[in-house]
Structure formats: structure tokens, C-alpha cells
*Asks:* 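The structure that follows is given in the form of C-alpha cells.
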Amino acid sequence: MIAIIGAGPAGLAAATTAATGGERVILIDSAAQLGGQYWRHLPSNWKDERSLHYNFDKAQKLFDVVLSNPLITRYSSAHVWQAEKIDGKFHLYLIKDGIEEKIVAEKVILATGAYDRSLPFPGWTYPGVMTPGAAQGMLKSHGVLVGKKIVIAGTGPFLLPVAAGLAESGAEIVGLFEANSPLRWVLNLHGLLLNPGKILEAIYYFKKLRKFRVRIQYKKTVEQATRTSAIVGGKEVSCDVLAVGWGFVPDLSLAGILGAKLRVDADGTVLVKVDSNQETSVPGLFAAGESTGIGGSTLALIEGEIAGGGRSTKVKFARLRAQIFARGLQKVYPVPTDWQKNLQPQTIICRCEEVSQEDICTSIDELGAENGRTAKLFTRAGMGLCQGRVCSRNVSEIVAHHTHQKVLDSELIAGAQRPMAGPISLGELGDGLGKKF
């Protein structure tokens, strides 16, 4: 049996490919509906999903196969909190409906996706300040607009579908700010030529933005937020909601727990190292999608197909083309190296433990912290509920900047690992296993 964790594009492609090849599959996902973060499935009585999803027809085909193939068992609203490999088999411990269960599989495919990367700035903890993914998630999952007047900022192509979807649903996008220049696309012309579909996708979103008179303002970043506005380029932009995102961070928790080798990409993102068949350093453990390199749904679908057993030359060449485009995006949309310039002493860096910029600098200047790890020990940064998922890299970069050093790859990898993949209550843990699959 193959256990696939994650029902986004990569997980769906892996499940359909494996089941079509005659494999028995169990598809585990924390959401109630299929689609993951990218293809969140809206209630049918709200409005047409296609209006908020690019290429939703592809998603619907995958949904139909997963829901109809008898070889695929769905485990929705379930999250794997721990895993181990014993005698050549994978033991996955998950929580479903408040009960801990165990699934044993001969092969595991990790399609755990990614979440928005956040950088701290003055006011980012105010109500109404969130990530673009959060704003889009509320809309796609529940049909809820997070505000009437919205500012979207940061960097990356993800800002376009977020702005288009919110505008189409009735929000006024009072500002769409991209930190980088559009001229940087000359650095990825080869990627565009190899992936002409990306040009059509961009045109699709540009047309939507033009329809709602949303203008992209380049080379501008949010410097500060107040309770009613965003400060951009020294000017105040009134808004109800400020959505700021700086790319994505892969979810590597289960990969690390199972002992898969990790690597650091050119932009400092920690990824799972895989071979040409998407297999990790742990035999029988595969990874597909954002955990092997941030590349969007197109690359995730291809990697999921390969992990599920579709390994033709044609498919692998398609992966290469998509990978070239994805690598080029790192050059087009880099995170500014001076992102710390607007931080103030009282700016919160770790939201869980309320650790400020001043606290981190004090741990360096007065307590002798030399890297992110020791700064976290002195300040408790990264020790809250999110276990450093949001602040770990930021703390390391602040310490490195303050001490005029570089963040070591070993430190970035250590910050991406954690002992548990998700929360579990003492009651759930104490009740023991309720079921074994």
C-alpha cells in the first residue's frame, strides 16, 4: 500500500497515477475537501469555482478519479503528527476526529506543500494584517472577503491570482505593490520560452486585474502598518486589510522526522533532496511538490506523477522544463536583502512568544548569542505553538546581520526540522490508538 500525505496538486497526481497503475492508495489530508492550498474546493452553492481558479478543469478531472477509483481510500480532516520506519515499513500516526490512528504502508509519498513566508515589520501583528495565502484561503474555502479595501504587497507571481480573485469577488484593491522590477524577467526569458503556458497564465491574470482597474506598482514595499493603513514609500494608503507575502516555505516536518536528507537551495530555502524518481535518501520515501523546490502547481503535478510511478522520458523532460522556469523565478523575485531596515526595537519577531527585535539584539550584545540557535535559547523565540515555522529563519538572518556573518546551511536545515509534525493533545495521546489501518 502507498500512503500519500497531502491532497494538493502533487498528492492528487501521485494518487491517480499510482491507482491507475493498480496500486492500493490511501490519501491523507488535513482539509475536509480535496485540492490543497492551491485548489481549495468551494461549496457548490456559493459560486462557480472556475471564476477563482486558473485551470480548474484539470483539478476537476483529478477530483473525479480520486473520488471514483476503488483503489483510493480518502482520509480527510486528518493530520499526521508523527511517523517512523520499522522493519522496512512506514508507521504513520495521525489524528482524525479527535482519535489517534495508525497507518502502515510500504511506500510513502510526501506532498505536504508549503505556506507563505512572512517577514516582520512594524505593525505586522495588528488585526487585519495577514498573508496573501490567508486572504485567498478565506475566499476559496468559505467565500468570505477578509475586507473591503485591501492592500496586497510583497513579491512573487502569487500576488496576481490573489489580487484578481479578491477583486472579482467584490473587494477594492487599493494597492498592489511588487517589491521587484518587471525588467528582471529578462533573467528568466529561457524559462518562459520553455513554458509558454506560463505566458498565457500571466495574460489571464493581467486581463482580470485590468478589468477591475488594479494597477501593479513595482519596486515598492510596505514599511509599516497602522490599524487603518499601510505605509508604502513614505505614503499612507488607507485599507481594511494588508496582505503581505514573500514567497513560500516548504513544510518539511515529516521528511525530517523520517530522516530524509535535506538541502539548501540557492535562495536559502530548505528542501528535501530527491533523485530522478522523486525518492528521498530514505528507501521507499518519496517527495513531490513544493517540498522539493518551490515551483507552483505545474511542477507539482509532474513530480506527483513521477512519484506515483509515471516515469516516462516525456514526463521527466516536462519536469526539467518546469524546473528551469521555477529556478528562474528565484532571480526574478528575490527577497530584498535589506528587509530588516524598517525594524524597530519594539517590533515583534516571534509572535508566539512575543520576542522583539530588541530582545534578540540584547541576546547577542549582552548574553553572547552567536547564531540563531543560541538567540532562540536566550529569548524563547521559536518555542511557541508554530515551533519556529514563521520566525526561525528570520531570527537567524537577524543574528547574522547583527554580527556581520552569513547564516550557515546547517543552521537553516536545523531550523526546518522539528520533533512533531503537528499538534496533539495530551488527552488524544493518552487515549492510545483507536484504529489501525
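Please read all numbers here as calculations on a predicted model, not as lab measurements. For the single chain, residues carry numbers from 1 onward in sequence order.
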*Asks:* Is any side-chain heavy atom of Leu194 closer than 4.5 Å to a side-chain heavy atom of Phe325?
*Replies:* no
*Asks:* Flag yes if more than 12 heavy atoms outside Leu385 fall under 6.0 Å of its CG atom; otherwise flag no.
*Replies:* no
*Asks:* Looking at Lys331, I'd like to know if its NZ atom is crowded, meaning that more than 12 non-hydrogen atoms belonging to other residues, nucleotides or ligands lie closer than 6.0 Å.
*Replies:* no
*Asks:* Side chains of Glu303 and Thr292 only: does a donor on one sit below 3.5 Å from an acceptor on the other?
*Replies:* yes
*Asks:* Please enumerate all residues that pass side-chain contact (heavy atoms from CB on, under 4.5 Å) together with Ala300, with sequence neighbours excluded.
*Replies:* Pro9, Ala10
*Asks:* Could you tell me if the side chain of Leu320 sits less than 4.5 Å from the side chain of Ile324, heavy atoms only?
*Replies:* yes
*Asks:* Can you run down the ring-ring contact (aromatic ring centres under 6.0 Å, His included) pairs that involve residues 222-246, sequence neighbours left out, and say none if there aren't any?
*Replies:* none
*Asks:* Any side-chain heavy atom of Arg311 sitting closer than 4.5 Å to one from Asn277?
*Replies:* yes
*Asks:* Within a 6.0 Å radius of atom OH on Tyr218, are there more than 12 heavy atoms belonging to other residues, nucleotides or ligands?
*Replies:* yes
*Asks:* For Gly295, does its backbone N or O pair with a side-chain atom of Glu290 as donor and acceptor, under 3.5 Å?
*Replies:* yes
*Asks:* If I take atom CD1 from residue Ile398 and atom NE2 from residue His402, how far apart are they, to the nearest 0.5 angstrom?
*Replies:* 10.5 Å
*Asks:* Under 6.0 Å from the ring centre and within 45 degrees of the ring axis: does the NZ or CZ of Lys96 meet both conditions for the six-membered ring of Tyr75?
*Replies:* yes
*Asks:* Is a side-chain N or O of Asp29 found less than 3.5 angstrom from the main chain of Ala31, in a donor-acceptor match?
*Replies:* yes
*Asks:* Could you work out, with salt bridge (Lys or Arg N to Asp or Glu O under 4.0 Å) as the rule, every residue matching Arg117, not counting sequence neighbours?
*Replies:* Glu397
*Asks:* Are there more than 12 heavy atoms of other residues, nucleotides or ligands under 6.0 Å from atom NE2 of His401?
*Replies:* no
*Asks:* Go through the structure and list residues passing salt bridge (Lys or Arg N to Asp or Glu O under 4.0 Å) with Asp97, not counting sequence neighbours.
*Replies:* none
*Asks:* Would you give the length of the straight line joining atom CD of Gln357 to atom OG1 of Thr347, rounded to the nearest 0.5 angstrom?
*Replies:* 7.0 Å
*Asks:* So, taking the atom named CZ in Arg321 and the one named CG in Leu193, what distance separates them when rounded to the nearest 0.5 Å?
*Replies:* 12.0 Å
*Asks:* Going by atom type alone, with no hydrogens or angles, which donor-acceptor pairs under 3.5 Å involve a side-chain atom of residues 173-183 and a protein atom two or more places apart or on another chain?
*Replies:*
unit_1, atom_1, unit_2, atom_2, d
Glu178, OE1, Gly156, N, 3.1
Glu178, OE2, Thr155, OG1, 2.6
Glu178, OE2, Asn180, N, 2.9
Asn180, ND2, Thr155, OG1, 2.8
Asn180, ND2, Pro334, O, 3.0
Ser181, OG, Leu183, N, 3.1

*Asks:* Could you tell me whether the side chains of Arg319 and Gln278 share a donor-acceptor contact shorter than 3.5 Å?
*Replies:* yes
*Asks:* By side-chain contact (heavy atoms from CB on, under 4.5 Å), which residues pair with Arg213, not counting sequence neighbours?
*Replies:* none
*Asks:* Arg227 versus Pro127: any side-chain heavy-atom pair under 4.5 Å?
*Replies:* yes
*Asks:* Is the closest side-chain heavy-atom distance between Gln417 and Ile413 below 4.5 Å?
*Replies:* yes
*Asks:* When you measure from the side chain of Asn394 to the backbone of Cys391, do you find a donor-acceptor pair of N or O atoms at a distance under 3.5 Å?
*Replies:* no
*Asks:* What pairs of residues pass the ring-ring contact (aromatic ring centres under 6.0 Å, His included) test when at least one of them lies in residues 295-315, not counting sequence neighbours?
*Replies:* none
*Asks:* Can you give each donor-acceptor pair under 3.5 Å made by side-chain atoms of residues 235-244, sequence neighbours left out, with the distance rounded to 0.1 Å?
*Replies:*
unit_1, atom_1, unit_2, atom_2, d
Glu236, OE2, Ser229, OG, 2.7
Asp240, OD2, Lys148, N, 3.1
Asp240, OD2, Lys149, N, 2.8

*Asks:* Can you confirm whether more than 12 heavy atoms, excluding those of Glu354, are under 6.0 Å from its CD atom?
*Replies:* no
*Asks:* With a 4.5 Å cut-off on side-chain heavy atoms, are Phe121 and Glu223 touching?
*Replies:* no
*Asks:* Considering only distance and modelled atom types, tabulate donor-acceptor pairs under 3.5 Å from the side chains of residues 247-256, sequence neighbours left out.
*Replies:*
unit_1, atom_1, unit_2, atom_2, d
Asp251, OD1, Ser253, N, 3.2
Asp251, OD1, Ser253, OG, 3.2
Ser253, OG, Arg389, NH2, 3.1

*Asks:* Rounded to the nearest 0.5 Å, what's the gap from CG on Leu343 to SG on Cys361? Could you check?
*Replies:* 8.5 Å
*Asks:* Only counting residues at least two apart or in another chain, list the ones meeting side-chain contact (heavy atoms from CB on, under 4.5 Å) with Ser396.
*Replies:* Lys376, Val407, Glu411
*Asks:* Give the C-alpha distance, both sets of side-chain angles, the deciding distance and a yes or no for side chain to side chain contact (heavy atoms under 4.5 Å, CB included) between Asn195 and Thr298.
*Replies:* CA-CA 10 Å; Asn195 298 270; Thr298 300; 5.5 Å; no
*Asks:* Does any non-hydrogen side-chain atom of Phe317 lie less than 4.5 Å from one of Ser312?
*Replies:* no
*Asks:* Scan Ile5, Ile103, Val108 and name whichever one has a side-chain contact (heavy atoms from CB on, under 4.5 Å) with Val80.
*Replies:* Ile5
*Asks:* Within this structure, what is the CG-CZ distance for the pair Leu27 and Arg74, rounded to the nearest 0.5 Å?
*Replies:* 7.5 Å
*Asks:* Considering only NZ, NE, NH1 and NH2 on the basic side and carboxylate oxygens on the acidic side, decide whether Lys61 and Asp64 come within less than 4.0 Å.
*Replies:* no
*Asks:* Side chains of residues 262-271: which donor-acceptor partners sit under 3.5 Å, not counting sequence neighbours?
*Replies:*
unit_1, atom_1, unit_2, atom_2, d
Asp265, OD2, Gln330, NE2, 2.7
Asp267, OD1, Thr269, N, 3.1
Asp267, OD1, Thr269, OG1, 3.0
Asp267, OD2, Thr269, OG1, 3.3

*Asks:* To the nearest 0.5 Å, how far apart are OG1 in Thr20 and CG in Leu71?
*Replies:* 9.0 Å
*Asks:* Should Ile348 and Arg351 count as side-chain neighbours, where that means a heavy-atom distance under 4.5 Å?
*Replies:* yes
*Asks:* Return each pair, listed once, that meets ring-ring contact (aromatic ring centres under 6.0 Å, His included) where at least one residue sits in residues 180-200; pairs must be two or more places apart or across chains.
*Replies:* Trp185-Tyr333
